[in-house]
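Encoded as structure tokens, the structure appears first; notes follow it.
Each chain gets a letter, A, B and so on, in the order the sequences are listed, and its residues count up from 1.
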Amino acid sequence: MFEEEKALVEGKISAYCQQQQLPNLPLEWRAIPFSGEWGMAIPLFALAAKAQSFDPKLPIPQRAQALAQDVAQTLQGLKGFSRIEAVRGYVNLYFSTSEYAQRVVTEVLEHADDFGSADPSGNKTMVEYSQPNTHKSMHVGHLRNVILGGAVANILESAGDQVIRANYIGDIGLHVIKWLCNYELYHLGEQPGEDKTRWMGDLYTEADRRFHDDPGFETAVRKYFARWDRQDPDVVALWEQTRQWSLEGFYQIYEVLGERFDRVYFESEVEESGKVFVDSLIQAGLAIDERPEGPVYVNLDELLGKKEEYRVAVVLRSDGTSLYATKELPLAVMKFEEYDINRSIYVVDVRQSLHMKQIFKVLELMNYRWSGNLYHLAYEIVNLPGNVTMSSRDGTIVLLDDLIRESTQRALEIVHQKNPDLQEELKLEIARDVAIGAIKYPMLARENTKVVTFDWQTALDFNGQSAPYIQYAHVRAGSILRKAGIEASFDVRFSADLEPAEINLVELLSKLPAEVLRAARELKPSYLATYAYDLAKAFNDFYNQCPVLNAPGPVKAYRLALVRASRHCLKNSLHMLGIKAPDVM
RNA sequence: GCCCUUGUAGCUCAAUGGAUAGAGCACCGGACUUCUAAUCCGAUGGUUGCAGGUUCGAGUCCUGCCAGGGGCACCA
């Protein structure tokens with residue numbers, strides 16, 4: 001938007017610089033702060049610093065201001081701008097507000113549900129996230145990964161990428177064997193109840209405790225592992241059955257969270273190919289095989305001539321069984337071969353940064369052409385107040401199911417109060433959308449690199465900077481449109497003097513496409529979370545200051561258009577965050 | 001020891017190298033006969049951990065220090 005006008009200004013300034021024998025520096029466009037008016041600014045400090053014509057004793061800000069005055073003079077009367085002035089070293093160019101508002105709102109209404117989405121980028125990106133372990137619980141700590149990964153996938157999609165959502169489920173390993181062994185010894189024949197994940201998790205905690213406290217049990221687990229390794233049919237059958245219970249529980253949770261996956265990888269699926277991959281590492285002379293006395297490992301620091309940077313990556317146990325790294329390597333290859341992607345993003349918590357770095361480096365040493373296109377999207381963990389790490393063994397966890405149930409219950413009480421006449425089913429649906437939104441928002445609204453401290457009070461707070469606040473603005477917009485009726489006229493011809501609240505709102509509407517691209521480029525949903533809140537706040541300001549339905553005819557018409565455009569932007573930004581926008585609350 | 005990361009209002013957090021560092025929560029005082037009060041308005045609250053440096057300009061970039069968190073060979 002306004003590219004023509006910008007080009008015109010840049011041309012003029014370039015000519016001015018040439019005429020004044022000033023260096024031709026690239027211009028920087030910025031928003032003007034404190035504006036009740038919409039415009040763009042150009043700082044002239046850099047130019048002033050380079051200009052020869054000034055007294056060297058004159059401070060730069062003063063030179064910049066002199067220059068700005070001069071430039072503003074030469075730009076006077078330029079078409080498309082209502083006012084051009086020099087302030088504190090900046091040239092401020094104000095757009096004629098009605099024309100600006102008209103352009104923005106027209107564009108939003110034309111694109112409607114697609115406003116904010118970019119044209120296809122040609123990129124095919126896989127985002128791997130969630131990665132739960134079967135036979136374990138899902139707690140709030142795991143939630144951040146799912147929410148972050150889902151939002152990143154949505155945002156990349158909106159930014160024009162073709163996105164493949166992948167999950168990588170840990171369905172085998174020592175934790176599973178512990179569970180199976182404990183089940184066979186102490187719980188044989190028992191079935192999970194309604195909440196499968198909780199039940200599986202409880203049994204895991206029990207097994208894990210036995211494993212640590214009871215040496216006899218540990219021996220039993222080792223024997224059990226050997227049975228798994230020779231694929232004892234009873235063990236395999238039990239594994240298949242119990243794994244299924246876990247998966248059913250996970251899919252229930254994903255459905256509640258509104259997440260779906262295009263491809264689910266399993267660790268069991270890449271176990272064998274991992275061992276083959278390790279063989280090729282040995283043959284390539286990259287890995288050192290010390291079996292049976294030691295493991296198979298890649299001494300990355302030695303290969304790269306580094307010290308204490310990449311360290312040593314162990315890729316196979318000395319007994320020949322597989323490790324995390326063993327499976328991760330062929331999985332990376334599989335992703336590129338299966339989907340012909342050109343970028344692979346791993347949403348994995350920050351504690352695994354070194355491991356991810358090692359795996360990427362090993363793949364690079366194997367000369368995969370795509371090895372430069374692997375990204376670890378690291379995020380910090382979720383702690384409990386007092387910096388307590390969630391641990392099922394210590395019982396310091398908040399189960400997802402408990403959180404969702406409690407949050408939904410609270411939301412439902414409010415819906416009952418505010419909209420007693422709605423159908424019960426609809427009330428529950430609204431309460432779910434609000435509850436899930438309230439849970440998701442705080443995990444998205446901060447930097448990925450910052451620890452989230454979970455506390456019940458904040459999680460259940462539906463006021464202030466929160467998803468319900470944004471959802472509520474959306475509901476208000478919808479409510480106005482509904483009351484206006486279908487025969488209402490939506491006219492995007494704006495009057496010359498708009499209220500500051502209207503200008504501010506229009507400005508925010510115009511920013512959505514750029515914010516989406518920025519969030520996609522940096523893989524930071526927090527930008528959009530902040531944006532959505534700012535937009536909702538701007539809409540609430542407008543709502544309070546500018547009556548719509550009772551406004552005079554022409555004003556009502558353009559305000560209705562503005563409300564409709566706002567509603568699209570609120571909804572679109574919420575959806576990208578993976579948060580639903582209900583019509584009534 | 002080496003590496004990563006965080007440090008901004010009482011608390012939780014924003015701020016694309018630019019103009020006067022902003023929100024929410026909490027606390028205090030107001031606004032529902034109104035397009036839904038899950039809202040709004042007002043008040044209070046700051047040496048951006050410390051010290052240098054780069055820059056016309058630093059919360060933001062660089063160096064050092066302090067403090068918290070995390071990681072560093074067969075867990076994932």
Side-chain angles (χ1 to χ4, degrees), chain A residues 28 30-34 41 43-50 59-61 63-64 87-90 92 131 133 170 173-175 267 290-291 294-297 299 307-319 321 323-328 348-355 357 378 380-381 383 387 389 411 414-415 417-419 434 438 442 445-447 449-453 455 457-458 461-469 471-473 475-477 479-484 514 518 522 526-527 529-530 533-534 537 540-541 543-551 559 563 584-585:
Chain A
E28 197 188 329
R30 315 198 55 82
I32 305 174
F34 325 118
L44 290 179
F45 300 95
L47 197 58
K50 295 279 191 309
I60 300 281
R63 295 192 223 173
V87 181
R88 306 180 71 159
Y90 294 81
N92 290 349
Q131 308 115 334
N133 282 329
L174 185 59
H175 72 278
E267 281 194 34
E290 291 185 344
R291 284 175 293 175
V296 181
Y297 62 93
N299 192 336
K307 263 192 164 173
E308 300 196 58
E309 189 177 341
Y310 288 93
R311 315 256 170 183
V312 168
V314 175
V315 291
L316 202 65
R317 284 198 189 92
S318 44
D319 64 4
T321 55
L323 290 157
Y324 167 78
T326 320
K327 302 166 215 166
E328 200 67 61
V348 177
D349 97 58
V350 69
R351 291 173 297 189
Q352 293 176 46
S353 293
L354 178 59
H355 303 268
K357 197 168 134 182
E380 263 291 358
I381 58 170
N383 277 348
N387 219 13
T389 307
I414 299 173
V415 179
Q417 278 169 27
K418 299 189 58 135
N419 292 290
V434 170
R446 54 194 23 56
E447 291 268 359
T449 49
K450 282 191 173 160
V451 174
V452 168
T453 302
D455 72 280
Q457 204 189 332
T458 312
D461 189 357
F462 300 150
N463 301 314
Q465 185 165 4
S466 65
Y469 178 95
Q471 290 168 321
Y472 187 59
V475 164
R476 280 178 150 182
S479 179
I480 291 176
L481 296 173
R482 211 166 30 248
K483 291 221 162 123
R518 192 161 75 101
E522 298 182 39
S526 63
Y527 292 152
T530 304
Y533 172 72
D534 288 343
K537 191 168 176 55
N540 277 328
D541 281 348
Y543 184 92
N544 278 285
Q545 288 167 39
C546 306
V548 178
L549 297 178
N550 294 325
R559 281 187 180 162
V563 170
V584 188
M585 275 170 75

> Would you say a side-chain N or O of A:Arg351 is under 4.0 Å from OP1 or OP2 of B:C72?
Replying inline: no
> Below 4.0 angstrom from OP1 or OP2 of B:U6, is there any side-chain N or O of A:Thr449?
Replying inline: yes
> Can you name the residues that form a side-chain hydrogen bond (donor to acceptor under 3.5 Å, both in side chains) with A:Arg518, not counting sequence neighbours?
Replying inline: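 For A:Arg518 the side-chain hydrogen bond (donor to acceptor under 3.5 Å, both in side chains) partners, ignoring immediate neighbours, are A:Glu515.
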> With A:Thr453, which residues qualify under side-chain hydrogen bond (donor to acceptor under 3.5 Å, both in side chains), at least two apart?
Replying inline: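 A:Thr453: no side-chain hydrogen bond (donor to acceptor under 3.5 Å, both in side chains) contacts found.
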> Does A:Ala46 or A:Asn550 map to a spot on RNA chain B nearer the 5' end, using the closest nucleotide for each?
Replying inline: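 Result of the comparison: A:Asn550.
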>> Please compare A:Lys327 and A:Ala313 by the position of their nearest nucleotide in RNA chain B and report the one closer to 5'.
In response: A:Ala313
>> Testing the basics here: between A:Asn383 and A:Thr389, what is the closest heavy-atom pair and its distance to 0.1 Å?
In response: OD1-CA, 3.5 Å
> So, for A:Ile60 and A:Phe45, which heavy atoms are closest and what is the spacing to 0.1 Å?
Replying inline: CG2-O, 4.0 Å
Take atom [atom1] in [N] and the same atom in [M], then report the distance between them in whole Å.
{"N": "B:U33", "M": "B:C28", "atom1": "C1'", "answer": "28 Å"}
{"N": "B:U8", "M": "B:C13", "atom1": "C1'", "answer": "9 Å"}
{"N": "B:A14", "M": "B:G52", "atom1": "P", "answer": "28 Å"}
{"N": "B:C62", "M": "B:G17", "atom1": "P", "answer": "12 Å"}
{"N": "B:C61", "M": "B:U6", "atom1": "P", "answer": "9 Å"}
{"N": "B:U63", "M": "B:U5", "atom1": "P", "answer": "11 Å"}
{"N": "B:A31", "M": "B:C50", "atom1": "C1'", "answer": "46 Å"}
{"N": "B:A9", "M": "B:A21", "atom1": "C1'", "answer": "11 Å"}

>> Go through it in stages, so that I can follow the logic: the residues are A:Lys483 and A:Val548, the test is side chain to side chain contact (heavy atoms under 4.5 Å, CB included), and I'd like the CA-CA distance, side-chain angles, deciding distance and then a yes or no.
In response: CA-CA 10 Å; A:Lys483 291 221 162 123; A:Val548 178; over 6 Å; no
Just the rounded figure in Å: distance from [atom2] of [N] to [atom1] of [X].
{"X": "A:Ile60", "N": "B:A19", "atom1": "CD1", "atom2": "P", "answer": "17 Å"}
{"X": "A:Asn387", "N": "B:A67", "atom1": "CG", "atom2": "C1'", "answer": "13 Å"}
{"X": "A:Asp349", "N": "B:C4", "atom1": "CG", "atom2": "P", "answer": "18 Å"}
{"X": "A:Lys483", "N": "B:U34", "atom1": "NZ", "atom2": "P", "answer": "10 Å"}
{"X": "A:Tyr324", "N": "B:G71", "atom1": "OH", "atom2": "C1'", "answer": "13 Å"}
{"X": "A:Asp534", "N": "B:G22", "atom1": "CG", "atom2": "C1'", "answer": "10 Å"}

>> Would you say that A:Ser466 contacts A:Gln471 through its side chain, given a criterion of any heavy-atom pair below 4.5 Å between the two side chains?
In response: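 Side chain of A:Ser466 against side chain of A:Gln471, heavy atoms only: no contact under 4.5 Å found.
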Identify whether any heavy atom of [X] sits under 4.0 Å from a base atom; if not, whether one sits that close to sugar-phosphate; answer base, sugar-phosphate or nothing.
{"X": "A:Ile414", "answer": "base"}
{"X": "A:Leu549", "answer": "base"}
{"X": "A:Gln457", "answer": "nothing"}
{"X": "A:Glu290", "answer": "nothing"}
{"X": "A:Asn92", "answer": "base"}

> Of all residues at least two apart in sequence or in a different chain, which pass the ring-ring contact (aromatic ring centres under 6.0 Å, His included) check with A:Tyr469?
Replying inline: A:Tyr533
>> Between A:Asp319 and A:Arg317 (salt bridge meaning N to carboxylate O under 4.0 Å), is one present in this structure?
In response: no
For [Y], is there any backbone N or O sitting under 3.5 Å from a side-chain donor or acceptor partner on [X]?
{"X": "A:Ser479", "Y": "A:Val475", "answer": "no"}
{"X": "A:Asp461", "Y": "A:Gln457", "answer": "no"}
{"X": "A:Arg291", "Y": "A:Val296", "answer": "no"}
{"X": "A:Thr326", "Y": "A:Val315", "answer": "yes"}

> Taking the side chain of A:Glu308 as heavy atoms from C-beta outward, which of B:G1, B:C72, B:G69 is closest to it?
Replying inline: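 The answer is B:G1, which lies nearest to the side chain.
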> So which nucleotide from B:U16, B:G69, B:C74 ends up closest to the side chain of A:Pro295?
Replying inline: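 Nearest to the side chain of A:Pro295 among the choices is B:C74.
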> Would you say the base of B:C35 and the side-chain of A:Ser479 have a donor-acceptor pair closer than 3.5 Å?
Replying inline: no
>> On the side chain of A:Arg311, is there an atom forming a donor-acceptor pair with the base of B:C2 - under 3.5 Å, no angle test?
In response: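 Yes.
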> Under a 3.5 Å cutoff on both atom distances, Watson-Crick or G-U, what's the dot-bracket for RNA chain B ([ ] crossing, | other strand)?
Replying inline: (((((((..((((....[...))))..((((.......))))......(((((..]....))))))))))))....
Check nucleotides 39-44 of chain B for protein N or O atoms closer than 3.5 Å to its own N or O atoms and list the pairs.
residue: B:U39; atom: OP1; partner: A:Gly464; partner atom: N; Å: 3.2
residue: B:U39; atom: OP2; partner: A:Asn463; partner atom: OD1; Å: 3.2
residue: B:U39; atom: O2'; partner: A:Arg476; partner atom: NH1; Å: 2.9
residue: B:U39; atom: O2'; partner: A:Arg476; partner atom: NH2; Å: 3.3
residue: B:C40; atom: OP1; partner: A:Tyr469; partner atom: OH; Å: 2.4
residue: B:C40; atom: O4'; partner: A:Asn544; partner atom: ND2; Å: 3.3
residue: B:C41; atom: OP1; partner: A:Asp541; partner atom: OD1; Å: 3.4

Identify all pairs in which a protein N or O lies below 3.5 Å from an N or O of nucleotides 10-15 of chain B, and state each distance.
residue: B:U12; atom: O2'; partner: A:Arg446; partner atom: NH2; Å: 3.0
residue: B:C13; atom: OP1; partner: A:Val451; partner atom: O; Å: 3.1
residue: B:C13; atom: O5'; partner: A:Arg446; partner atom: NH2; Å: 3.4
residue: B:A14; atom: OP1; partner: A:Glu447; partner atom: N; Å: 2.7
residue: B:A14; atom: OP2; partner: A:Lys450; partner atom: NZ; Å: 2.4

